[in-house]
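Throughout, residue positions are numbered sequentially from 1 according to the sequence presented.
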Amino acid sequence: MTLSDALLPPKEAVERLLAGMTQHEASDLHVKVGYPPFYRIAGHLRKLDMPPFPDSQYIEAMLMSLVPEARRPEFQQHGAIDFSARGSTGDRYRVNLYRCTGETHASIRRVQSRIPSFEELRLPDVYRQTVMHSSDGLILISGITGCGKSTTLAAMVEHINQMRSIHIITIEDPVEYMFHPKKSIISQREIGVDVPSYHEALRFMVRQDPDCILIGELRDRETMTAALQAAETGHLVLGSLHVADAAQTFARILEFFPRDEHAFIRSSLANSLRAILCQKLVPGIVEGSRYPATEVLLRNSTVRDKILHEEDEDLPAIIAGSEGEGMRSFTTSLCELIETEKVHYDTAMEFAPSREALASAVKGIKASAQGLVGRTRGGR
């Protein structure tokens with residue numbers, strides 16, 4: 001992939017690199033001393049046909065023009081900084097600037113200027129139903145890095161914005177998607193720009209009369225406690241966690257708290273939780289395409305009892321047995337992607353929580369299809 005055959009002046013170089021991300025539909029840009037830049041396209045790293053970056057001085061000269069002036073001392077003090085930037089194409093970028101072995105490196109995530117809908121994200125309708133039928137409580141989006149959690153949260157907020165007249169407050173580090181008021185009014189607060197920390201933002205949050213609160217990342221005890229308290233006091237709270245599935249989501253939440261507080265936290269979750277929506281992005285058959293595989297846990301009386309009685313290990317079986325109620329397992333989701341010829345069987349196997357369960361489900365579909373064909377022929 002060619003962007004330039006020579007190093008440009010630093011400011012021009014970073015502008016060209018950001019514009020190139022939009023042109024090539026890259027999700028990420030990696031900038032490291034001693035390497036040429038790399039784009040991540042459809043999940044794969046692609047090296048640009050450019051000379052390696054010679055030193056940190058060049059990289060810092062490139063990137064410091066993007067860093068908010070008030071936050072530059074933070075990078076000098078801590079050796080890492082997260083911030084957002086806007087490019088000439090209208091897209092926004094989430095930038096992480098960090099030091100590594102004394103050198104300055106950067107990872108930049110592109111955030112498209114237009115917020116996609118649930119349909120465009122190929123998410124099951126239960127996502128839309130869940131957010132529309134919840135006026136309070138806690139909805140969690142879980143998944144590993146790069147699975148689209150931020151985009152899903154943005155789609156949820158935008159859907160509420162289009163359908164309901166409420167006050168939405170977002171607390172993000174950094175702000176990614178920019179929302180424009182439709183039916184709702186929206187206040188977006190960025191850590192390090194509008195408020196020094198999540199803790200400070202959450203202290204005064206309920207005094208700002210929100211109906212819906214988006215907490216970009218539930219990263220510690222303070223943010224989780226604030227989310228639970230807000231959810232229990234009549235607010236709709238949306239948040240994300242970096243874990244793979246629903247069972248791990250509970251384990252991560254409990255890790256934030258000492259063991260003697262677990263009973264209280266479980267009680268709070270049993271009362272306030274509305275749904276845990278987990279997702280993975282799976283490479284499709286068509287080159288460059290990716291499809292979400294999803295796991296959905298909805299709170300019902302059975303799930304509530306399992307949470308209260310520390311029986312989280314039963315949750316996968318409950319999900320598998322409640323798919324008629326809107327819940328869905330990764331196995332079913334992957335099976336659907338195979339059946340509709342969106343994803344190769346071998347690729348789906350790499351993302352399956354249980355290869356045996358997926359193989360059995362696929363065989364079951366084939367057997368049902370063969371039986372249907374046989375009955376049709378026999379009835380002629």
Consider salt bridge (charged side-chain N to carboxylate O under 4.0 Å, His left out). Of Arg266, Lys306, Arg252, which one does Asp312 pass it with?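 For Asp312, the salt bridge (charged side-chain N to carboxylate O under 4.0 Å, His left out) test succeeds with only one of Arg266, Lys306, Arg252, which is Arg266.
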
Among Arg110, Arg94, Arg92, Gln188, the one residue meeting side-chain hydrogen bond (donor to acceptor under 3.5 Å, both in side chains) with Glu176: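 Of the listed options, the one satisfying the test is Arg94.
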
Intermediate values then yes/no, salt bridge (charged side-chain N to carboxylate O under 4.0 Å, His left out), Arg71 and Asp82: CA-CA 9 Å; Arg71 304 207 50 199; Asp82 274 309; over 6 Å; no

Would you confirm whether [X], through its side chain, and [Y], through its main-chain N or O, come within 3.5 Å as a donor-acceptor pair?
X: Thr223; Y: Leu218; result: no
X: His235; Y: Ile213; result: no
X: Thr233; Y: Ala230; result: yes
X: Ser322; Y: Glu325; result: no
X: Glu12; Y: Pro9; result: no
X: Thr340; Y: Glu336; result: yes
X: Asp28; Y: Arg40; result: no
X: Lys182; Y: Asn161; result: no
X: Ser268; Y: Phe264; result: no
X: Ser360; Y: Glu356; result: no

Less than 4.5 Å apart, side chain to side chain, heavy atoms only: is that true for [X] and [Y]?
X: Val303; Y: Leu298; value: no
X: Asp211; Y: Leu236; value: no
X: Leu17; Y: Leu48; value: yes
X: Gln248; Y: Ser142; value: no
X: Val175; Y: Met178; value: yes
X: Pro36; Y: Phe53; value: no
X: Leu153; Y: Ser240; value: yes

Please identify each residue that fulfils ring pair (Phe, Tyr, Trp, His ring centres under 6.0 Å) with Tyr98, with sequence neighbours left out.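 Ring pair (Phe, Tyr, Trp, His ring centres under 6.0 Å) check on Tyr98 returns His105.
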
Run the ring pair (Phe, Tyr, Trp, His ring centres under 6.0 Å) test against Tyr93 and tell me which residues pass, sequence neighbours left out.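 Ring pair (Phe, Tyr, Trp, His ring centres under 6.0 Å) list for Tyr93, sorted by chain: empty.
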
Any carboxylate oxygen within less than 4.0 angstrom of a Lys/Arg side-chain nitrogen, looking at Asp136 and Arg274?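 Salt bridge between Asp136 and Arg274, a charged N being under 4.0 Å from a carboxylate O: yes.
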
Quick one: do Glu103 and Arg99 make a salt bridge, cutoff under 4.0 Å?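 Salt bridge: no.
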
Compare every heavy atom of [Y] with every heavy atom of [X], then report the nearest pair and how far apart it is.
X: Ala293; Y: Ser333; value: CA-OG, 3.3 Å
X: Cys278; Y: Ala246; value: SG-N, 3.3 Å
X: Lys183; Y: Gln162; value: CD-O, 3.5 Å
X: Pro37; Y: Pro51; value: CD-O, 4.4 Å
X: Ser65; Y: Val14; value: OG-CG1, 4.2 Å

Tell me if the centroids of the rings in Phe118 and His159 come within less than 6.0 Å of each other.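 For Phe118 and His159, the ring centres are under 6.0 Å apart.
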
So Asn271 and Arg304, side-chain hydrogen bond (donor to acceptor under 3.5 Å, both in side chains) or not? Walk me through it. CA-CA 8 Å; Asn271 291 324; Arg304 185 178 184 275; 3.0 Å; yes

Quiz question: by atom type and distance under 3.5 Å, do the side chains of [X] and [Y] form a donor-acceptor pair?
X: Tyr39; Y: Glu25; value: no
X: Ser107; Y: Asn96; value: no
X: Ser84; Y: Glu190; value: yes
X: Glu295; Y: Ser329; value: no

Do [X] and [Y] share a hydrophobic cluster (ILVMFWY, side-chain heavy atoms under 4.5 Å, transitive)?
X: Val193; Y: Ile191; answer: no
X: Met21; Y: Val111; answer: no
X: Val206; Y: Met224; answer: no

Which value, rounded to the nearest 0.5 Å, describes the distance between [X] atom [atom1] and [Y] atom [atom2]?
X: Met327; Y: Leu297; atom1: CE; atom2: CG; result: 5.5 Å
X: Leu121; Y: Met156; atom1: CG; atom2: CE; result: 10.5 Å
X: Asp314; Y: Ile319; atom1: CG; atom2: CD1; result: 11.5 Å

Are Lys280 and Phe330 in a cation-pi setup, meaning NZ or CZ lies under 6.0 angstrom from the ring centre and within 45 degrees of the ring axis?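 Flagged: Lys280 positioned over aromatic ring of Phe330.
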
Check whether NZ of the Lys or CZ of the Arg Arg114 lies under 6.0 Å from the centre of the six-membered ring of Tyr177 and within 45 degrees of that ring's axis.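 Checked: cation-pi criterion not met.
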
Looking at [X], I want to see if its [atom1] is surrounded by more than 12 non-hydrogen atoms of other residues, nucleotides or ligands under 6.0 Å.
X: Lys11; atom1: NZ; value: no
X: Ile285; atom1: CD1; value: yes
X: Glu69; atom1: CD; value: no
X: Glu341; atom1: CD; value: no
X: Glu287; atom1: CD; value: no
X: Gln57; atom1: CD; value: no
X: Met132; atom1: CE; value: yes

Single hit among Ile215, Ile276, Leu238, Val237 for side-chain contact (heavy atoms from CB on, under 4.5 Å) with Leu138: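 Only match with Leu138 under side-chain contact (heavy atoms from CB on, under 4.5 Å): Val237.
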
Would Thr294 and Gln279 satisfy side-chain hydrogen bond (donor to acceptor under 3.5 Å, both in side chains), going step by step from the backbone distance to the final call? CA-CA 4 Å; Thr294 56; Gln279 53 195 57; over 6 Å; no

Begin from the C-alpha positions of His167 and Ser184 and carry the test side-chain hydrogen bond (donor to acceptor under 3.5 Å, both in side chains) through to its verdict. CA-CA 6 Å; His167 182 203; Ser184 295; over 6 Å; no

Step by step, would you call Arg72 with Gln77 a side-chain hydrogen bond (donor to acceptor under 3.5 Å, both in side chains)? CA-CA 9 Å; Arg72 293 177 186 179; Gln77 180 179 357; over 6 Å; no

Please list all pairs passing the salt bridge (charged side-chain N to carboxylate O under 4.0 Å, His left out) test where one or both residues lie in residues 219-232, with sequence neighbours left out.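 The answer is Asp173-Arg219, Glu217-Arg219, Arg221-Glu261.
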
